[in-house]
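Have a look at the structure below, then the notes.
Chain identifiers are assigned alphabetically (A, B, ...) following the order of the sequence lines, protein sequences preceding nucleic acid strands; residue numbering begins at 1 within each chain. All values below were derived from every heavy atom in this structure, side-chain atoms included, with hydrogens, water molecules and symmetry-related copies excluded.
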2 protein chains.
Amino acid sequence: MSGKGKYHHGDLRQALIAAAVEFLADHPPADLSIRKLARSLGISEAAPYHHFADRQALELAVMAEGYALLRDRCLAAGQAGRGLEGLCAAYTGFALDHPNLFRLIHQSSAARNPANAVLYAISAEAFAPLLAEVRQRARAQGIDDEGQVGFLALMVWTQLHGLTDVLIADFLRLGDGHAAFCARAYRHIEGSLMAALDAVRRSPAPAGGDGR
Amino acid sequence: MSGKGKYHHGDLRQALIAAAVEFLADHPPADLSIRKLARSLGISEAAPYHHFADRQALELAVMAEGYALLRDRCLAAGQAGRGLEGLCAAYTGFALDHPNLFRLIHQSSAARNPANAVLYAISAEAFAPLLAEVRQRARAQGIDDEGQVGFLALMVWTQLHGLTDVLIADFLRLGDGHAAFCARAYRHIEGSLMAALDAVRRSPAPAGGDGR
DNA sequence: GTTGCAATCTTATCACTGATAAGATACCAC
DNA sequence: GTGGTATCTTATCAGTGATAAGATTGCAAC
């Protein structure tokens, strides 16, 4: 059916990735084990090595799956037109629904390394809706500088990432106040972006590293 | 000399922590191993278990050491009076000098869990100088609301954390442009804070979750 | 000083994991 | 059908986390 086809098992490669995602639903990334996944699928403990060179290769594939889920949410939020707040909620929502998958994705820098082409591409796709949102807001202010747009989108992304880190750790013991805190944080992010755009609009090009 | 005293080895507990920090200088956190540390210290491979219940306990102690280093830098930057930019530079500087230690610290939520009292306390100490800086700037604007101060300090902290994540991954392939990019990012963080303070000053209390 | 106790360290051992090699099996092209 | 290749299994090794039982050291009470 697809490119890889199916031999004995069906599609063991995908099955392993899916099993890993399921495992991460209630176990930390460090507890992932090729052998456990193999046992849970009823195959021999060495079979996975015909699809993944080593544990890291499997983890990279799982990370790609995670980024794909995140990307889908971000794309959906972008198309839903719920603005910056919707994008923020998509990001934090993904992390809260899949905290261990989110941790796996971010505890290595693999996705931010162009050497991992597939991963890098998917993570860029997840970033795209936010970039588009920032670009649109910049244009609305008469700002065309793509360097500025990229930089500011990155600032929003990193702020959102840090916020999410706090949320999944339940650092603040928010309880009922969760929604209110998130709304407040999203407002802060949006306010920061608008203030930065305003500053750019009023001053010339500040130079510095490019934004992506 | 100290509470724990010295028996056979001297202070194996501290020696193990120090060896782990040294190991992390050029190995990722996942490669940490109690046995390797023991061998590097010339003791039996089971000896560490008399000082740490399990691997996680050792990691928590190493994390505490890492947070202490970070705290020291933040405190020094706070006392040096180089303002918000100095605090940002202290944070990113620590992460760039000890990227694997930084990853270890953040890949678990342990420090953000009050159940790990020691760790929680040290991380709060690391946060304190930033909190003080934000408070001072808020006061200068006539803002006394500690909830607002805490929230905004947290926003700066999370933004800084996300930025640092990008920096240690060398996501942007900055090369020579590193310093310029950092300066730009620090300006952005400072601008966001000032804009948020300005917004608070001009409007009443917006309610929402408290800031810490 | 000697004795007794508790902390520390060692040796031995087990279960589990990552990883490789060699052989068996199933699919596909021809 | 036949051959070749991808897939899977069994067997095996090294490294790690962890525990148990015994040896050693330091300290304190007598």
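Closest-nucleotide positions on DNA chain D for L12(A) and D31(B) were compared, and the one nearer the 5' end corresponds to L12(A).
Taking the side-chain hydrogen bond (donor to acceptor under 3.5 Å, both in side chains) definition, one finds that T164(A) meets it with nothing, sequence neighbours left out. S108(B) is linked by a side-chain hydrogen bond (donor to acceptor under 3.5 Å, both in side chains) to nothing, counting only residues two or more places apart in sequence or in another chain.
Near-neighbour residues of DNA chain D inside residues 39-48 of chain A, defined by a heavy atom below 4.0 Å, number-ordered: I43(A), S44(A), A46(A), A47(A).
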*What's the verdict on side-chain contact (heavy atoms from CB on, under 4.5 Å) for E133(B) and R137(B), showing C-alpha distance, side-chain angles and the deciding distance?*
CA-CA 6 Å; E133(B) 174 76 21; R137(B) 285 174 183 249; 2.9 Å; yes
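Protein atom CZ of R55(B) is 14 Å distant from nucleotide atom P of dT17(C), rounded to whole Å. Distance CZ (F52(A)) to C1' (dC8(D)): 15 Å, rounded to an integer number of Å. Counting to the nearest Å, the C1' atom of dG18(C) and the CD atom of E59(A) are 12 Å from each other. Rounded to whole Å, the distance from CG on L32(B) to C1' on dG15(D) is 15 Å. Between the CG atom of D54(A) and the C1' atom of dT20(C) there is a distance of 12 Å, given to the nearest Å. Rounding to whole angstrom units, CD1 of residue I34(A) and C1' of dC8(D) are separated by 15 Å. Atom-to-atom, NE2 of H50(A) to P of dG18(C) comes out at 16 Å; the value is rounded to the nearest Å. Rounded to whole angstrom, the span from the OH atom of Y49(A) across to the C1' atom of dC13(D) amounts to 13 Å.
For the OP1/OP2 pair of dG15(D) and a distance below 4.0 Å, the side-chain nitrogens and oxygens of S33(B) include no atom meeting the criterion. For dA6(D), the OP1/OP2 oxygens have no side-chain nitrogen or oxygen of H51(A) closer than 4.0 Å. Remark: K36(A) is not in phosphate contact with dC16(C), judged by side-chain N or O atoms under 4.0 Å from OP1 or OP2.
Counting only residues at least two apart or on different chains, the salt bridge (charged side-chain N to carboxylate O under 4.0 Å, His left out) pairs with a member in residues 18-35 of chain A are R35(A)-E45(A). For residues 69-88 of chain A, the pairs satisfying side-chain hydrogen bond (donor to acceptor under 3.5 Å, both in side chains) are R71(A)-E125(A), R73(A)-D97(A), with sequence neighbours left out. Applying the salt bridge (charged side-chain N to carboxylate O under 4.0 Å, His left out) definition to pairs two or more places apart or across chains, those involving residues 152-170 of chain B are R112(A)-D165(B), D170(B)-R173(B).
Between F94(A) and H98(A), some side-chain heavy-atom pair lies under the 4.5 Å cut-off.
Comparing dT13(C), dC8(D), dA19(C) by their closest approach to the side chain of R35(B) singles out dT13(C).
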